[in-house]
A.B. asks: 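Structure incoming, see below.
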Amino acid sequence: MDFDFSEDQRLLKDSVDRLVADRYGFESRKGFAKQANGWSAEMWAQYAELGLLGLPFSEDHGGFGGGAIETGLVMEAFGRGLVLEPYLATVVLGGGIIRHGASAEQQEELVPQIVAGDLKLALAHVERHSRWNLNDVAVTAKADGSGYVINGEKSVVLHGDCADKLLVTARTGGAQRDAGGIGVFLVDASDAGVSRKGYPTQDGLRAAEVSFANARGVAIGDAGGALPVVSRVVDEAIAALCSEAVGGMGEMLAITVDYMKQRKQFGRAIGEFQVLQHRAVDMFAALEGAKSMAMLATMMATSDDAKARRQAISAAKVQIGKSGKHIGEEAVQLHGGIAMTMEYKVGHYFKRMTMIEQMFGSTDHHLAYVANSGGMF
Amino acid sequence: MDFDFSEDQRLLKDSVDRLVADRYGFESRKGFAKQANGWSAEMWAQYAELGLLGLPFSEDHGGFGGGAIETGLVMEAFGRGLVLEPYLATVVLGGGIIRHGASAEQQEELVPQIVAGDLKLALAHVERHSRWNLNDVAVTAKADGSGYVINGEKSVVLHGDCADKLLVTARTGGAQRDAGGIGVFLVDASDAGVSRKGYPTQDGLRAAEVSFANARGVAIGDAGGALPVVSRVVDEAIAALCSEAVGGMGEMLAITVDYMKQRKQFGRAIGEFQVLQHRAVDMFAALEGAKSMAMLATMMATSDDAKARRQAISAAKVQIGKSGKHIGEEAVQLHGGIAMTMEYKVGHYFKRMTMIEQMFGSTDHHLAYVANSGGMF
Amino acid sequence: MDLSFTPEEVAFRQELRTFFTTAIPQSIRTKVLEGQHLTKEEIITAQRILNANGLAVPNWPVEWGGKDWSPVQVYIYQDEMQLNGVPSPLAFNTSMVGPVIAQFGTDAQKKRYLAEAANLDVWWCQGFSEPGAGSDLASLRTKAERVGDTWVINGQKTWTTLAQHADWIFVLCRTDPTAKKQEGISFILADMKTPGITRRPIQTIDGGHEVNEIFFDNVVVPAENLVGELHRGWDCAKFLLGNERTGIARVGTSKARLKRIRELAALEFEGGTPLIESEKFREKLAAVEIELKALEMTQLRIVADEKNHAKGKPNPASSILKLKGSTIQQATTELMMEIVGPYVMPFAESDEGDGRNETGYGPEYAAGTGPTYFNWRKISIYGGSNEIQRNIVAKAILGF
Amino acid sequence: MDLSFTPEEVAFRQELRTFFTTAIPQSIRTKVLEGQHLTKEEIITAQRILNANGLAVPNWPVEWGGKDWSPVQVYIYQDEMQLNGVPSPLAFNTSMVGPVIAQFGTDAQKKRYLAEAANLDVWWCQGFSEPGAGSDLASLRTKAERVGDTWVINGQKTWTTLAQHADWIFVLCRTDPTAKKQEGISFILADMKTPGITRRPIQTIDGGHEVNEIFFDNVVVPAENLVGELHRGWDCAKFLLGNERTGIARVGTSKARLKRIRELAALEFEGGTPLIESEKFREKLAAVEIELKALEMTQLRIVADEKNHAKGKPNPASSILKLKGSTIQQATTELMMEIVGPYVMPFAESDEGDGRNETGYGPEYAAGTGPTYFNWRKISIYGGSNEIQRNIVAKAILGF
C-alpha cells in the first residue's frame, strides 16, 4: 500500500494543476462559455498538446498508457477549474468505449484522432424513460450490409451537440430492458439520419437531444453483447466524476473558509461564530469522506471483477452525492446571499455538484445497488 | 377550532400534574420500582381515588366518560413523572378492548372493578416472530363449551406479570397472517394453563413472557373478527404513548436547558456556547413537532374513519419516534458523562423514549404505513 | 378543546376556495403551482381582482380595507391562496410598507399611499439589506442627511427583490451617525424615478433576475417622506419583520407541491415502473408529508395561542415556523428534481431573455426543477437566516 | 500510488489472523463480537497470550517489547484484532501509562513498571476527569502537595473506567496552584491500596458498572512516583491523548458488527419475511457500510500520511476519525436494536449481580442490544467529545 504518486504522476499533476490555475480563472471561464460550442477550442488544443487527450490510450495508438489514477488527477484539476471542454465525453466515455470495445483496426483509426484533438465523441445512452438503467434501451439497430441502421431518440447526450461522432447504445435484439441484445454503434454526427438539438445544462456545460432516423452506424464490438463494456465505461466515468467532484468540493470548502475569515457580521469575522465553525468542520469531514471514496473508485475502476467494481463504484457515487450536496448547500448557506449570485463562484460549483449527483445515477439509485449487492465487508 | 381545555379538563390536568409533581419525584420513583410488582400499590389507589382509572369508561359503568384528550392529559403528566404503574396496560389497552369489544354484560362486570383499582389487565398480542403486525397471530383458540381453549406463547406482554386477567389475541381460524379469524380472549392469570415469566424492561417498567397450555378463556366480542377492535385500541394506546412521550421530552429539554445554564466549562456556562445553543433549539423544534403530532393523534384516536385514523396515528408515531430519539440522544450528549449515569434523571427519560419507539411499531414500521396509505394532503 | 374547524370556518374556507378558483385566472394559478415565474402584469392582475373583492389586505386596519379576521381565518385565507396557486398580494405593499404606514404614518401619508398600495397601482420595493449588512441588518450605512426641507440619501442597498418593477422604495437610512447601532435609523420613502437612483440587476444561480442592487447618489426626497419618528426607523423595521407571524411557513404552498409531486411521480419511470410505486420514493415523500403535517399543526397552535402573547412578543415557536417551513419547502424541490432524474440537466433560456429556464427538454415540468432547487436555497437565508432564527429561539429558551 | 496491500502486508495480516483465531480462546472472542462484557480474568488471559507472543505492546519502544512496525502494519494489527474479537490490550496499560513512562519516565520507573504493565500483572486505571472538569480537563482541581519525600494527594476523580479491577492509578494533580491552567499540573502514580483512596461505583444507564469515582483523602505516595518533570504533567497528558492516532475509529470493530448484523437480520422476521430481505433495512445497512468504507479509506490515508506530519502535530483529519468512527459505531447499535424489535425491551439482570443484562428473553443476541445502544452513547462523549473534536478541526482549518 502506497499513497504516493509516481514521479510521472507528480509531473502530470503539476502541469494540469498549473494549466487550470493559470488559464481557467473564473473570468476566463465565462469567456470560454460564450464561445461557439460553449467551451474553448484553444484550451482543447492545449490539452492535446499536454497529452491529456491521449492519457488513457495505449502507447501503440499514440496514447500515454495512463490509468484511472492519471485520469483522476486530470479530472480533479478540471473540477477545481469547472472546466467546460468535452473531456469526459470524448476521452473517458467515448474513448472508453473505443478502448474496451473497438477492434484493433477501429482503434488504430480513431485513437490517434482523439489524441490529436481532432475527434470529439459523445456517448448517447439515456432515453426518455430509461432513467439511469443502461439496459433500458428502446433505440434499435438493424444490420444492413456491413453496418447498421439506427432509429430512435436519445436524451441528455453530454456534449452531444459538438461531437463529431456519436457512440449510441441500441438494441439488436431482446426486449426493452433485457441485458442481452444491446450494441454500441459509431454514428457520424453529420449523417443525414442524425438530428440534434443542443442546449446548455444547468451547470454551464452542454448536452443535446439526438434523434436517429435511419442513421448509419458501425458496431463497436459485439452488436448484441456490449452492455458489459458500456457498464465498465460508465464505471470509469463515475470514477472520473468522483475525482472531478472532489476537486470542486475542495474549492468550495476553501472559498467558504476564506469567506468566513473575511466576512464580518456583528463586529467579528463570521468564522468566529462557533456554530459556523462546526458546520465548516462537517463540510471538511464530508470532503474527507469524498476524497477517500473517490480514491476507492479510482482503485477499483480498472478491476476486472465486475461485481466488486460495480459495488465500489456505486458506493463511491453515493458518498460523492451526499458529500457534494452537503458541501454545496452549506457553502451557499454559510455565505448567505452572495453565493446565490452568478457573479460569485461558489454557486457554480454547487450547480455542478448537483448535476454530477444526477449523472449516471443518483445517490439513491446507487445506494439501492449497494444494498442489493450483498454486503461490503 | 379551539385549543383551550374545558373547565373539567383543566381541573383534571391540575390534579394529575400536582399528583405527579408532589408524589412522583425521582427518589420516590426509585422506591416504587423496588416494591413488589415494580410499582406502587399506593399510587394505584390514588389513581383510583382521583378517578383516573375510570376516566375513559362510560358513566353507566361507573366511569367518567372521558375521551382521548383526558387520557392524553394523564399520560403527559405520567410521562413527566416516568410513572411505573400499569395504567396503559390496564386502562388504555385492557380497558380499551373491554370498551370497544365486550358485551354489555361483560362491561357491567369488569369496568367497575377496573375503576375501583381492583382489576389489572394486560394485552398479550406480540409473538416471537410477529414483530408489530397485529394480524401475525399463531396462538390458537378453540371453542370448547361456552368458552375457548388457548394454546401458544406471547412475548413482551406489558405488565403481564401483575395482571389479574390477560386479554389474549388468538386465532380461531385462517392462516397465520390472515386478518380474519382472530379473536381476543379474556383469560384469568391464575388459570392453571397460564405460566408467566415476569421481568423488568429497559426503562424500569415490567413485562412478561406468557405461555398458554390449554388455558381457558372467554371471547371478547367476535371470536373471529376482533382485529379491527385490537387495531383501534392499539391506535388509542399509541395516541396515549405520544402524549406520554411529549411529557418526557419536555422534561428532558427543561433539564438540559437548566443544566446548560448551570454547568460551567472553559470559564462560562456551556449554554453560552453557540453550538450548544443551536442544538438546544433543534431539540425545542423536535419537541414542538412532537406536541403537534401528539395533538393530531389525540384528535384522530377516536375517529371512526379507520383509514384516516390509522394514517394519522402512524404519522404521529413517526414524529414521536424521531423527536424522542433526537431529544434523548442530544440530552445525553449535551450533558456529557453525567447523563450516562443511573443517578441522573435524563438517562431514564432517554431509555423510556427508546422503548416507546419500539412499542406498537418502530418509526420505520409506521413510516412504511404512511408511505403506502396514499398521501396525507 | 376541539381541534376540528367550526362549521363557520369550514364555510369560510369553502367561500374563499370558490372565489379563488373562479375569479383568479387558471393560467396564473397553474404557473404558481408549477413553480414558474409570473410576469409583472399577472401579479398586478391577480392582486387587483383580490382587492376589488376586499381580499388583498385583510391584515390591515379595517379603516383601510382590512378584515379584522380571527387568526384562524387569516390562516385559512393564506392556506387556501397557497393551495390554489393564488399569488400572494405583493408582500412589499401589503405586509411591509402598508402596515408600517398604517401604524406609524401620518394621516396624509395614509391617504396618499395606502389605497394605491392595496391595489398595486404603485409597486413598492424594500431597501433594507446592504452589501456589508446581511444578517447584521442594523449595521447598515446608507445615510440620509437633512438638507432644508429634504432628505439627501447616499448609499447602496442590495437583494432588492423585483425592484425592476418597482415605482417606489422604502429605505432604512442612518440619520444619526453618532447614535448607537439600532438607534439613529429612519424609515424613508422614495420614488424610484428620483434622480440619483440607479439599479443593477443581479443574476441569481437559477439563471433568473429577481433581485437588484440599488444605488443612491445624492437622491433628494421631500422631508415629508419620513415615516414614523426621526431616528426611530428601527421600530418600523421590527414591526414590519415581526408583522407576518403566520404564512411564513408557507404550509399551503408545500401542500400543493406535495400533491403535485405525487401526481408527477406517476408519470416518470424507473425500470418500467412508475416512480410513485417505488417504496423508497414513497417513504421519502411520506417523511416530508409528516413534517408538513406537524408544521401545520404547530402553526395552528401558534395561531390559537396568539391571544396569549402580547403584540410584538411572539411565541418563540414562531421562529420554528421559519426553520421548519424553509426546510420543507427545500425538500419539495429535491423531490421534484428526483422525479425528473436526468431531465433536470437541460437549461433552456426563456424567450423573454431574462435568463430563466422556461421551456426545457423532456417533460414540461422538468424545466423548473433545477432552477427552483437552486433559487429556493434563499429561503433559509432571507427574512432572518435560519441561523438567526436559532439565535432568537436560543435567547428565548436559554436566556443567553 | 498503489492502493492495494503488498504481498508482505497480506502475509502479515494472514499470520496475525491465524494467531488470533487459534491462540485466543473462542469463548472470549465470541463475547467481544456479540458486544458482551468480559470478566477481569478473560481480559487478563487474552492480554497475557498476546504478550507471551510479543503482540501486546507493539507501539512501545523495541527495547520494552515494541515492534517498530510501519503505520500500515499497526493498522492491520488493530483491524485484525477487532475483526476477530480479540480484546484490545488494556488501553490504560498499553496506550496510556506505558508509553508515558517509556517516554518521560526514569530508567528505574521503566524497569519497575513497564514489563508488568505489558503483561497485565498490574492493572492500571486513569485518574484524569473530575466532576467539575469534563471537556475542560485542564481545570482539574485534585492537588498534590510535596511533604518531605512524599506527595500528599487530595481531591476527586471520576469516570474512572474499570477502577474496580485496578491495582494502580495514574493521576493528573495540580502541583502549583499559582500557575496558569495547564501549567502546574503533574503526572503521579499511586498504588490503589494506599490508605485514603476510596472508590465508589457509578452505575451507567445500560445497567452496568464500568466507571467509578475515586476519592483521594490525604493519600501519601513516594516522591519518586512523579513521572516526567514537575509541573509538566500536561505534556504527558497531551502525549498520551495524542498517542493513539489510528485505532480510535474502531473500523475493525464496526466491520465485524456489520457482518454480524447481516447474519442476524436473516433470523428475524417481519410479515413472515426475514428482515434482511427488506429493501429499506438493506439500504440502511448499506448506508452505514459506505460510511465505514469511507472511514477505512480515510484512516489508511492518514496512516500513510503520518510520515508527512511531525510527531504531536496530527493531521486535522485525525479528529474526523473520532467523529465518524463514533457515529458509525453508534449506528451499528441502532441497527442491532432494529433487528430484535420488541425484544429490545426485556432487561434480565445477570447472575453476577453487577446490573448487566446478560441472559434476556427472546433470541440470545437480543439482550445486549438495548444496553449497548445506551452504553455506546459514551463514545461521542469520552476521549474528547465530538464537540471538542470539532473545535480542534475548526481551529486547524479556520485558525479561530
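Chain letters run A, B, ... following the sequence lines, proteins first, then strands; residues in each count from 1.
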A.B. asks: Quick one: CG on D/L398 to CG on A/L276, what's the gap to the nearest 0.5 Å?
C.D. replies: 9.5 Å
A.B. asks: Which bit of A/K322 comes within less than 4.5 Å of chain D, counting heavy atoms only: side chain, backbone, both or neither?
C.D. replies: side chain
A.B. asks: Looking at chain A, which one of D/Q389, D/R262, D/K259 has the largest number of heavy-atom pairs inside 4.5 Å, strictly under?
C.D. replies: D/R262
A.B. asks: Chain A heavy atoms under 4.5 Å from D/R301: which part of the residue, side chain, backbone, both or neither?
C.D. replies: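 For D/R301, the contact with chain A is made by backbone and side chain together.
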A.B. asks: Is there side-chain contact between D/Q73 and D/K67, with heavy atoms separated by less than 4.5 Å?
C.D. replies: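 D/Q73 does not reach D/K67 side chain to side chain.
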A.B. asks: Counting only non-hydrogen atoms closer than 4.5 Å, does D/L300 touch chain A with its backbone (N, CA, C, O), its side chain (CB onward), both, or neither?
C.D. replies: both
A.B. asks: Give, as side chain, backbone, both or neither, the part of D/E283 having an atom under 4.5 angstrom from any heavy atom of chain A.
C.D. replies: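 Both backbone and side chain.
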A.B. asks: Between A/M252 and A/M353, is the side-chain contact (heavy atoms from CB on, under 4.5 Å) condition met? List the steps.
C.D. replies: CA-CA 10 Å; A/M252 274 198 282; A/M353 292 306 128; 3.4 Å; yes
A.B. asks: Within residues 368-376 of chain A, which residues come under 4.5 Å of chain D, heavy atom to heavy atom?
C.D. replies: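 Against chain D, the residues of residues 368-376 of chain A that fall inside the cut-off (heavy atoms, under 4.5 Å) are A/A368, A/V370, A/A371, A/N372, A/G374, A/G375, A/M376.
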A.B. asks: Which region of D/E8, side chain (C-beta onward) or backbone (N, CA, C, O), has a non-hydrogen atom less than 4.5 Å from a non-hydrogen atom of chain A, or is it both or neither?
C.D. replies: neither
A.B. asks: How are the rings of A/F266 and A/F273 set relative to one another: parallel (under 30°), tilted (30 to 60°) or perpendicular (over 60°)?
C.D. replies: perpendicular
A.B. asks: For A/A316, is it the side chain, the backbone, both or neither that has a heavy atom under 4.5 Å from a heavy atom of chain D?
C.D. replies: neither
A.B. asks: May I ask you to name which of A/L367, A/D258, A/D364 has the most heavy-atom pairs under 4.5 Å with chain D?
C.D. replies: A/L367
A.B. asks: Give, as side chain, backbone, both or neither, the part of D/L295 having an atom under 4.5 angstrom from any heavy atom of chain A.
C.D. replies: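 For D/L295, no heavy atom lies under 4.5 Å from chain A.
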A.B. asks: Could you have a look at A/V318, A/L296, A/T298 and say which one has the most heavy-atom pairs with chain D under 4.5 angstrom?
C.D. replies: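 Most heavy-atom pairs within the cutoff with chain D belong to A/L296.
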A.B. asks: Counting only heavy atoms closer than 4.5 Å, note whether D/K324 contacts chain A via side chain, backbone, both or neither.
C.D. replies: side chain
A.B. asks: Chain D: which of A/D282, A/D4, A/V281 shares the most heavy-atom pairs with it under 4.5 Å?
C.D. replies: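 Heavy-atom pairs under 4.5 Å are most numerous for A/V281.
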A.B. asks: Tell me, for A/I69 versus chain D, whether the close heavy atoms (under 4.5 Å) come from the side chain, the backbone, both or neither.
C.D. replies: side chain
A.B. asks: Under a 4.5 Å heavy-atom cut-off, does chain A meet the side chain of D/I397, its backbone, both or neither?
C.D. replies: both
A.B. asks: Considering only heavy atoms and a distance below 4.5 Å, find which of D/T6, D/L323, D/L83, D/L292 pairs most often with chain A.
C.D. replies: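 If we count pairs closer than 4.5 Å to chain A, D/L292 comes out on top.
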A.B. asks: Answer with side chain, backbone, both or neither: which region of D/S4 has an atom nearer than 4.5 Å to a non-hydrogen atom of chain A?
C.D. replies: backbone
A.B. asks: Any chance you could measure A/Q358, atom CD, to A/W132, atom CH2, to the nearest 0.5 Å?
C.D. replies: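 Reported value, rounded in 0.5 Å steps: 5.0 Å.
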A.B. asks: Check whether A/E288 gets within reach of chain D through its side chain, its backbone, both or neither, counting any heavy atom under 4.5 Å.
C.D. replies: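 Contact with chain D is through both the backbone and side chain of A/E288.
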A.B. asks: Looking at A/R99 and A/E236, is there a salt bridge between them, counting it only when a charged N and a carboxylate O are closer than 4.0 Å?
C.D. replies: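 Result for this pair is yes, salt bridge flagged.
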